[in-house]
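Report on one structure; see the data block that follows.
Residue numbers start at 1 and run along the sequence shown. All values below were derived from every heavy atom in this structure, side-chain atoms included, with hydrogens, water molecules and symmetry-related copies excluded. Note that ligands are numbered from 1 as they come in the structure, with each ligand's atoms numbered from 1 the same way. Model, not experiment: these values are computed from the prediction.
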Amino acid sequence: MAEANAVRVGLLGFGTIGSNVYRVIEQEHDAILDLTGIDLRVAHIVEKDFSRAGVDAPAELFTDDFKRVLDDPAVSIVVELIGGTDWAFTFVEAALRGGRDVVTANKQLLANRGAGLFELAAQLGRQIRFEASVGGAIPVIKVMREGMIAADLHTVYGIVNGTTNYILTALYRGEGDYAETLKKAQELGYAEADPTADVGGGDAAAKMAILASIAFRTRVTMADVTYEGIQDVTLDDVQYAKDFGFVVKLIGAARLVDGRVNVRVHPALVPEGHLLASINGSYNAVYLRGHTIDEIMLTGPGAGGPPTATAVVSDIMNIVGTDSAGFLQNCSCRRDLDRFPDGEMRSAFFTRFKVEDRAGVLAQIASIFGDHDVSIESMIQKGQGDEAELMVITHPTVERGFFAAIEKVAALSCVKSRPATIRVL
Ligand SMILES: NC(=O)c1ccc[n+]([C@@H]2O[C@H](COP(=O)([O-])OP(=O)(O)OC[C@H]3O[C@@H](n4cnc5c(N)ncnc54)[C@H](OP(=O)(O)O)[C@@H]3O)[C@@H](O)[C@H]2O)c1
């Protein structure tokens with residue numbers, strides 16, 4: 001066994017985050033020892049790729065056999081940074097059963113298969129910490145669980161995907177169209193070669209499932225989250241929204257409505273004066289509303305090696321500092337809440353479409369909206385020869401009614417393009 005104040009970590013994965021976690025632990029070793037009396041070291045690195053063995057960390061730490069970690073009684077914490085939901089699940093489960101606490105940055109693992117792991121951790125009196133799974137360096141989970149325990153949270157809005165926020169910011173600034181700004185995001189390393197999870201909203205959905213679970217203390221999984229991405233948002237949408245005084249953002253919205261939970265990710269028009277409108281580029285933000293706190297927003301770098309590694313090391317130290325399973329550990333999902341259906345949610349909408357530029361057209365459209373209880377807040381018409389582009393912002397309305405109205409509008413012979421719709425925050 002290691003000495004009493006020694007804490008030894010088994011690191012799974014030495015990619016972007018894993019290698020930075022190793023570096024932060026080495027660099028901060030003396031400061032952590034000084035502050036806490038804990039001698040923190042990585043004892044093993046489990047990797048498939050040995051190309052950095054002996055370069056960025058001593059070769060003798062590397063192994064491709066997770067059993068070496070489990071067989072080392074000095075290791076008390078396993079840090080999972082391989083990603084995915086298969087091997088990561090197997091390793092985390094084995095670590096818990098082997099009496100280790102776990103730190104992970106893996107949002108997909110927690111949002112899809114977290115329930116079983118948290119249950120197991122609770123049964124075994126172990127901790128799973130996951131601050132880095134949402135918002136990179138932003139300590140949002142710790143703030144919600146500890147600082148907001150009496151805040152009675154009912155709304156969490158998140159800009160939790162840096163790639164899409166980078167693209168939408170570039171569209172707003174007129175730096176190119178969707179394809180051009182996506183390419184730039186890839187060149188800068190924000191977007192993966194396959195950007196589907198980012199631009200399609202899946203990455204943000206997993207993060208919102210985690211945030212909603214913490215905020216409302218009920219289990220929300222990936223299957224509970226309805227999500228859309230930004231693939232259909234055009235430069236025109238963003239620029240027309242700007243004319244109305246709005247910024248388009250990919251918003252994760254988790255709400256507790258009449259005791260029921262609704263969690264969604266979709267593009268939304270955010271008023272220029274709203275706190276979330278100021279979050280630009282690859283930055284992330286989480287905006288919280290509760291009955292006692294009004295509004296609080298946390299913002300910062302949402303990804304990247306060093307920021308995310310800082311959150312992982314902080315989780316390790318939190319485990320050491322809160323040994324044994326207390327109320328702050330694992331998950332706090334103690335409530336069973338019903339789901340609030342998407343169609344019954346109320347939202348204001350921005351919609352735009354091309355119409356024939358002739359008398360009577362507006363009356364037909366207004367009448368359909370009226371029949372579906374959709375009232376118009378403002379409208380702009382821009383003439384383009386025989387056709388005109390019509391842009392409408394509605395008052396908040398029941399979504400099912402709005403979409404039924406849009407289907408009827410789309411079917412009118414005087415409507416010449418499929419209406420584009422974006423919710424207004
Ligand atoms: N990158 C970020 O900014 C960021 C931010 C927040 C959270 N995260 C999360 O952090 C985790 C790690 O992300 P990352 O960006 O560091 O990924 P990454 O660069 O791809 O690193 C993962 C490493 O784990 C290795 N690996 C995969 N499966 C393995 C297995 N079964 N056994 C041993 N090694 C294995 C990979 O090797 P191969 O390459 O050979 O497969 C790779 O070297 C993910 O869950 C991610 O969602 C990342």
Side-chain angles (χ1 to χ4, degrees), residues 10-24 42 44-53 55-57 61-70 78-95 102-114 117 128-141 158-166 185-186 188-198 202-211 222 281-284 286 300-316:
L11 190 59
L12 313 185
F14 200 72
T16 306
I17 308 304
S19 60
N20 275 284
V21 166
Y22 179 80
R23 198 154 46 81
V24 171
V42 173
H44 308 278
I45 297 170
V46 182
E47 243 304 337
K48 287 193 293 186
D49 173 3
F50 276 48
S51 60
R52 292 160 89 178
V55 181
D56 293 328
L61 296 187
F62 279 74
T63 177
D64 59 3
D65 184 5
F66 179 55
K67 208 169 161 293
R68 200 169 114 185
V69 175
L70 292 180
V78 168
V79 179
E80 183 279 306
L81 297 168
I82 63 174
T85 55
D86 296 331
W87 278 111
F89 183 92
T90 306
F91 289 159
V92 168
E93 185 184 31
V102 170
V103 175
T104 179
N106 191 335
K107 68 228 119 189
Q108 294 297 351
L109 175 67
L110 297 178
N112 287 288
R113 307 186 71 183
L117 292 174
I128 302 175
R129 294 245 174 192
F130 47 97
E131 186 65 69
S133 63
V134 185
I138 308 170
V140 57
I141 289 166
I159 294 177
V160 286
N161 182 270
T163 305
T164 46
N165 204 46
Y166 173 85
Q186 285 169 320
L188 287 168
Y190 296 140
E192 307 276 334
D194 176 4
T196 319
D198 287 327
D203 175 85
K207 291 169 179 169
M208 289 310 299
I210 294 170
L211 290 179
M222 189 72 179
S282 63
Y283 261 46
N284 280 196
V286 179
T308 309
T310 308
V312 170
V313 175
S314 165
D315 269 352
I316 294 171

Going by the 4.0 angstrom heavy-atom rule, the piece of Lys107 near ligand 1 is side chain
Next on the checklist: Quick one, Asp56 and Arg23 - any side-chain contact, counting heavy atoms below 4.5 Å?
Outcome noted: no
Is any heavy atom of the protein nearer than 4.0 Å to atom 39 (O) of ligand 1? no
The answer for which part of Thr308 has a heavy atom under 4.0 Å from ligand 1 is side chain
key: N or O pair under 3.5 Å between Phe91 and ligand 1   = no
ask   = Would a 4.0 Å cut-off, counted as strictly less than, catch a protein heavy atom around atom 17 (O) of ligand 1?
value = no
Within the 4.0 Å heavy-atom cut-off, what Ala132 brings close to ligand 1 is backbone
For Asp203, the salt bridge (Lys or Arg N to Asp or Glu O under 4.0 Å) test, sequence neighbours excluded, returns Lys107, Lys207
### Query
Touching ligand 1 at all, Gly304? Heavy atoms, strictly under 4.0 Å?
yes
Plane angle bin for Phe14 and Phe62 - parallel if under 30°, tilted between 30 and 60°, otherwise perpendicular
perpendicular
Q) Quick one: does atom 20 (O) of ligand 1 have a protein heavy atom under 4.0 Å from it? A) no
So the atoms of ligand 1 within less than 4.0 Å of a heavy atom of Leu81 turn out to be 12 (C), 22 (C)
